[in-house]
Amino acid sequence: MTAGGGNQLISVHPDELKFIFELEKQSYCDLKVVNNTEQHVAFKVKTTSPKKYFVRPNTGVIQPWDSCVIRVTLQAQREYPADMQCKDKFLLQSTTILPHTDVDELPPDTFNKDSSGKTLEECKLRVVYVNPSTQENSEEEASKSSSQSPDANSFHSSICCIFLLSYVLDLGLRERSFHHQALQLLKDERDAAVRQTHQLQKELSMMKRRGYRKSAPGFSLTFAFVVGLIGILVGFILNLTLPSSSTE
């Protein structure tokens with residue numbers, strides 16, 4: 001049976017051996033073998049071209065529900081295969097063994113087919129050679145597609161930033177409007193005080209011309225005191241409002 005074709009004892013990932021083929025260079029592929037049972041499982045790897053490949057480990061024991069990684073190395077080749085096609089095959093045999101059995105203690109007939117009722121499963125794997133240029137092109141295309149496709153997280157973050165910026169701007173406009181209204185109120189109060197001062201000065205001048213100073217000298221001093229007090233208040237208001245005006 002082939003990989004993933006209904007094995008009960010083990011599962012193998014990936015289901016084929018892919019090697020990046022370059023002249024005078026080694027290439028490797030890792031196989032992950034998973035024990036799907038509560039029993040101890042022994043495995044053995046065979047190939048139709050043992051001189052071309054280096055398998056470690058080629059035999060082993062996997063604990064219940066455990067896994068093992070097998071590295072298959074393609075030795076450096078001196079010429080390209082026809083049309084980059086490979087006819088090499090791998091066979092991974094597996095069977096249950098007694099608990100606490102070490103790999104060196106496996107009987108010679110452990111992976112032999114017989115009629116004793118022993119469960120022996122076989123997993124066939126094909127070999128695929130990949131051209132380095134093809135591999136690079138596929139990686140570039142994957143990189144381009146990932147860079148061009150919109151990322152959901154980035155889009156969500158951008159929306160959040162836009163809403164936050166809008167809120168900050170609205171808050172700033174509201175605060176500026178509040179300060180503007182407060183400043184305008186102070187200006188109105190200042191203008192009213194200035195107008196009142198001018199009115200009092202006019203009335204004082206009129207009183208002087210009409211001879212109020214001769215008839216009521218005490219009243220003139222009191223009135224002058226009130227006018228001076230109003231002037232001090234106007235100066236205090238001007239000191240408060242002028243810095244705010246210059247800041248704006």
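Values below: all heavy atoms of this structure, side chains included; hydrogens, waters and symmetry mates excluded. Since the model is a prediction, treat every value here as computed from it, not as a measurement.
H40 places a side-chain heavy atom less than 4.5 Å from the side chain of P64. Residues P14 and L31 have side chains in contact (heavy-atom distance under 4.5 Å, counting atoms from C-beta outward). With contacts defined as side-chain heavy-atom distances shorter than 4.5 Å, the pair T95/T110 qualifies. Side-chain contact between C68 and F43: present, with at least one pair of heavy atoms (C-beta onward) separated by less than 4.5 Å. Under the 4.5 Å side-chain criterion, counting only non-hydrogen atoms from C-beta, L17 is not in contact with Y53. Within the 4.5 Å cutoff, the side chain of D88 has heavy atoms near those of the Y129 side chain. Taking the side chain as every heavy atom from C-beta outward, D30 and R71 approach each other to under 4.5 Å. The side-chain heavy atoms of T47 and V72, taken from C-beta on, include no pair separated by under 4.5 Å.
Side-chain atoms of E121 and Q93 include no donor-acceptor pair closer than 3.5 Å.
The backbone N or O of Q63 lies less than 3.5 Å from a partner atom in the side chain of N35, making a donor-acceptor pair. Side chain of T48 to main chain of K89: a donor-acceptor pair is present (N/O by atom type, distance under 3.5 Å, no hydrogens or angles). A donor-acceptor pair is defined here as one N or O able to donate and one able to accept, closer than 3.5 Å; such a pair exists between the side chain of Q77 and the backbone of Q75. Panel note: side chain S27, backbone F21; no donor-acceptor pair is recorded below 3.5 Å. Using a distance-only test at 3.5 Å, with no hydrogens or angles considered, no donor-acceptor pair links the side chain of D83 to the main chain of Q85.
Note on I10 and L125: same hydrophobic cluster, where clusters join Ile, Leu, Val, Met, Phe, Trp and Tyr whose side-chain heavy atoms are under 4.5 Å apart, directly or indirectly. Cluster annotation: V12 and V55 are assigned to the same hydrophobic cluster (Ile/Leu/Val/Met/Phe/Trp/Tyr, side-chain heavy-atom contacts under 4.5 Å, transitive). Put simply, V45 and V127 are part of the same group of oily side chains (I, L, V, M, F, W, Y) that touch within less than 4.5 Å, one to the next. Under the 4.5 Å side-chain heavy-atom criterion for ILVMFWY residues, no single connected hydrophobic cluster contains both L92 and V34.
To the nearest 0.5 Å, the span separating CZ on F54 from OG1 on T73 amounts to 7.0 Å. Here the CG atom belonging to L23 is positioned 11.0 Å from the CZ atom belonging to R78, to the nearest 0.5 angstrom. Note that the NZ atom of K87 and the OG atom of S49 stand 11.5 Å from one another [nearest 0.5 Å]. In this structure, SG on C86 lies 4.5 Å from NZ on K52, to the nearest 0.5 angstrom. Rounding to the nearest 0.5 angstrom, the gap separating the CG atom in N58 from the CZ atom in R56 is 5.5 Å.
L9 pairs in a side chain to side chain contact (heavy atoms under 4.5 Å, CB included) with only one of the listed residues (T96, V33, L120), which is T96.
Heavy-atom minimum distance, N36 versus W65: O-CZ3, 3.1 Å. Residue I70 comes nearest to P57 through the heavy atom pair CG2-O, 3.5 Å, listed as atom of the first residue, atom of the second, then distance. Of all the heavy atoms in E24 and A76, the pair that sits closest is C-CB, 3.6 Å. The two atoms that bring V41 and T37 nearest to each other are CG2-OG1, 3.8 Å, heavy atoms only.
Environment of OH in Y80: crowded, with over 12 heavy atoms of neighbouring residues, nucleotides or ligands closer than 6.0 Å.
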Pair L106-I97, side-chain contact (heavy atoms from CB on, under 4.5 Å): steps then yes or no: CA-CA 8 Å; L106 295 175; I97 59 173; 4.0 Å; yes

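The existence of a salt bridge linking E16 and K18 is confirmed by a sub-4.0 Å separation between a basic side-chain nitrogen and an acidic carboxylate oxygen.
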